[in-house]
Amino acid sequence: MKHLVCLSDTPWSSVPARTQQLMTRLKDVHILYFEPPARRKGCPWKKPARRVRPGLLVYSLPPVLDGEGEHPLLFRLGQRKLARYVEKAMLRHRVQDPVLWCAIPTAVHLLDGLPRQGLVYDCGRDWSSLPDQWESELALAADVVFAASPELCDHIGPCNDNVALLPNGANYTMFAREDLETPPALRDISGPVLGYEGNIWRDLDLEPLLRAAREHPAATFVLVGRVERNPHLRALERLPNVRFLGRKPLVELPEYLNRFDVCLNLLRTGSMDGDILPPRIFEYFATGKPVVSMLQPGQVEQFPDVIYGAHTSAEFSQLCTSALAERGSWARDRRRSYGQVGSWSNRAREVERILESIGLF
C-alpha cells in the first residue's frame, strides 16, 4: 500500500476544491489529509481523524501564528508544533516514509520535521501574498511540481526542472448529463438564459454582466452561488431580468447549468491568478454550452476555439449576442471533448503516471 500525506490549502468540504478532488481519485493510496489550521469554534484539531472514504483520513491542524512578522520565534515554534502534530498522526496510523503532497508554500517550514520518500508541490494558485522565499524553497526541494497554468509553470520553472502542467478539472460525468429536469426556480423562464455559477465575491467584477443584462432585456441572467456585498449588486438587483439564486448543493448544479443557453465567466479584480482556469470552465465545457468569459489584460486565450473571450464590458455584451446565435454541433462537441479530457479522474491518472515514472508510486 502506498502512503501519502497531504498538507492542503483548503478545508475538506462538501464543495471540493482542487486538492480534495485529486486526493479522492488516487487509487490504492492510504492518505492522511491535513486541513489548514482551523478557525471555527471548538477544537477540531483535538478530535480523531474523520474517515471520509476508505483509506482517506482528514485531520484539522491546530491554530498557530500565521506569518513571521514581528514574532519570528513564535512563528517557528508554531511550525514545529504543526510538524509534531503531523508526525504523531503518521505514527498513529503507521505511515512511514510517505509521499508528502504540499498544496501551500507554508508547508516548507514542516519539511525538516517530517520523514518522507518524496515531495510533491501542487501549485494550484498564485501565492504572491506569501514570501517568495517560501515557495522557492519548497519548489527547490520538490521531486516534481504540478502547476495549474502555463503562467505558473513559467513562474516555478527556474526553481525546478521537473514542472508538469496540471490544469483544474471537473466532474465530467456529473455535468455532461442531459436527462435533467429544469429546477423550479427557472421553470417560468421562456426566453434564453445566460448563467454564472460561482460565488459572487466582493471583488468580482460585475460590470460586464450589468451591461449585458441592460442590453439584452429579453434574456434572463441567472447567478448561482453565495452572494457577498458587491458595488454592482444593487444595480443588478433592480433589473427585472437578473436573478440571484444563492448557493445550491453540488449535486443540483448540473440541473441549473443544463438550463443555461450561455455560460458566463467573470473575474475578480483582486485576483492574481492570471491564466488559471477555474473548475467551472471545465464544468461548462462538459455541458457543451457556449461560454463567454472575461479575460485578464494581456491574457493569452487557452481555448479560443470554444470560448468567447472579452477584454471589455462592451465586448462581453456583444459576445453574449454571438454566443446566443451559435449554431451547429462542432463547437458543442469540441467543448465536451475538452471537458472529458479535463475530468478530475483524468487529472488524477496523470498525477499517478508522473509519480510512477519518477519512482514515488
Any donor-acceptor N/O pair, [X] side chain to [Y] backbone, under 3.5 Å:
X      : Y      : result
Asp205 : Leu267 : no
Asn346 : Gln340 : yes
Asn241 : His216 : yes
Tyr256 : Glu197 : no
Glu228 : Arg202 : yes
Asp261 : Leu194 : no
Gln21  : Gly169 : no
Asn160 : Ala139 : yes
Asp9   : Ile104 : no
Asp143 : Leu119 : yes

Is the distance between the ring centroids of [Y] and [X] under 6.0 Å?
X      : Y      : answer
Phe282 : Tyr338 : no
Trp134 : Phe75  : yes
Tyr284 : Phe260 : no
Phe316 : His311 : no

So, for [X] and [Y], which heavy atoms are closest and what is the spacing to 0.1 Å?
X      : Y      : answer
Leu319 : Tyr308 : CD1-C, 3.9 Å
Pro290 : Glu326 : CG-OE2, 3.7 Å
Pro278 : Asn265 : CG-OD1, 3.9 Å
Arg187 : Glu181 : NH2-OE1, 3.7 Å

Next on the checklist: For Arg259, run the side chain to side chain contact (heavy atoms under 4.5 Å, CB included) check against Thr287, Thr220, Thr182 and tell me which one passes.
Outcome noted: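 The option that passes is Thr182.
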Checklist entry - Taking Lys81 as the fixed residue, which of Leu61, Val86, Val64 is the one that meets the side chain to side chain contact (heavy atoms under 4.5 Å, CB included) rule? => result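 That would be Val64.
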Would you call [X]-[Y] a salt bridge at under 4.0 Å N-O?
X      : Y      : answer
Lys248 : Glu255 : no
Arg125 : Glu151 : no
Glu215 : Arg211 : yes
Asp305 : Arg334 : yes
Arg353 : Glu350 : yes

Any chance you could measure [X], atom [atom1], to [Y], atom [atom2], to the nearest 0.5 Å?
X      : Y      : atom1 : atom2 : result
Cys6   : Trp12  : SG    : CH2   : 8.5 Å
Ile156 : Asn162 : CD1   : CG    : 12.5 Å
Leu166 : Cys123 : CG    : SG    : 11.0 Å

Next on the checklist: Can you confirm if the NZ or CZ of Arg332 lies within 45° of the ring axis of Trp330 and under 6.0 Å from the centre of its six-membered ring?
Outcome noted: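 Judged by the rule (NZ or CZ under 6.0 Å from the ring centre, within 45° of its axis), Arg332 is not positioned above Trp330.
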Checklist entry - Tyr59 pairs by side chain to side chain donor-acceptor pair (under 3.5 Å) with which of Glu35, Arg92, Lys47? => result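 Exactly one pass, corresponding to Arg92.
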Item to check | Asp188, CG: over 12 other non-hydrogen atoms inside 6.0 angstrom | outcome: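 Buried by this count: over 12 neighbours within 6.0 Å.
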Next on the checklist: Run Tyr196 and Phe221 through ring-ring contact (aromatic ring centres under 6.0 Å, His included) and show every step you take.
Outcome noted: CA-CA 8 Å; Tyr196 171 84; Phe221 290 76; over 10 Å; no
Next on the checklist: Test side-chain hydrogen bond (donor to acceptor under 3.5 Å, both in side chains) on Arg177 and Asn258; report intermediate values, then the result.
Outcome noted: CA-CA 8 Å; Arg177 291 177 55 198; Asn258 187 61; over 6 Å; no
Item to check | Step-by-step ring-ring contact (aromatic ring centres under 6.0 Å, His included) determination, Phe34 to Trp101 | outcome: CA-CA 10 Å; Phe34 291 90; Trp101 181 288; over 10 Å; no
Next on the checklist: Does Tyr33 form a side-chain hydrogen bond (donor to acceptor under 3.5 Å, both in side chains) with Ser8? I'd like the steps, not just the answer.
Outcome noted: CA-CA 7 Å; Tyr33 181 103; Ser8 179; 2.7 Å; yes
Item to check | Single-linkage hydrophobic cluster, 4.5 Å side-chain cutoff, Leu100 and Ile358 together | outcome: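 No, because Leu100 and Ile358 fall into different hydrophobic clusters, even though each may have its own neighbours under 4.5 Å.
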Item to check | Same cluster (ILVMFWY, side-chain, under 4.5 Å), Leu22 and Ile354 | outcome: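 Same cluster.
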Item to check | Beyond-backbone contact of Trp201 with Arg226, side-chain heavy atoms, under 4.5 angstrom | outcome: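 Counting from C-beta outward, Trp201 and Arg226 do come under 4.5 Å.
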Item to check | No-hydrogen, no-angle side-chain donor-acceptor test under 3.5 Å, Glu283 and Tyr172 | outcome: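 Judged by distance alone, the side chains do not pair up.
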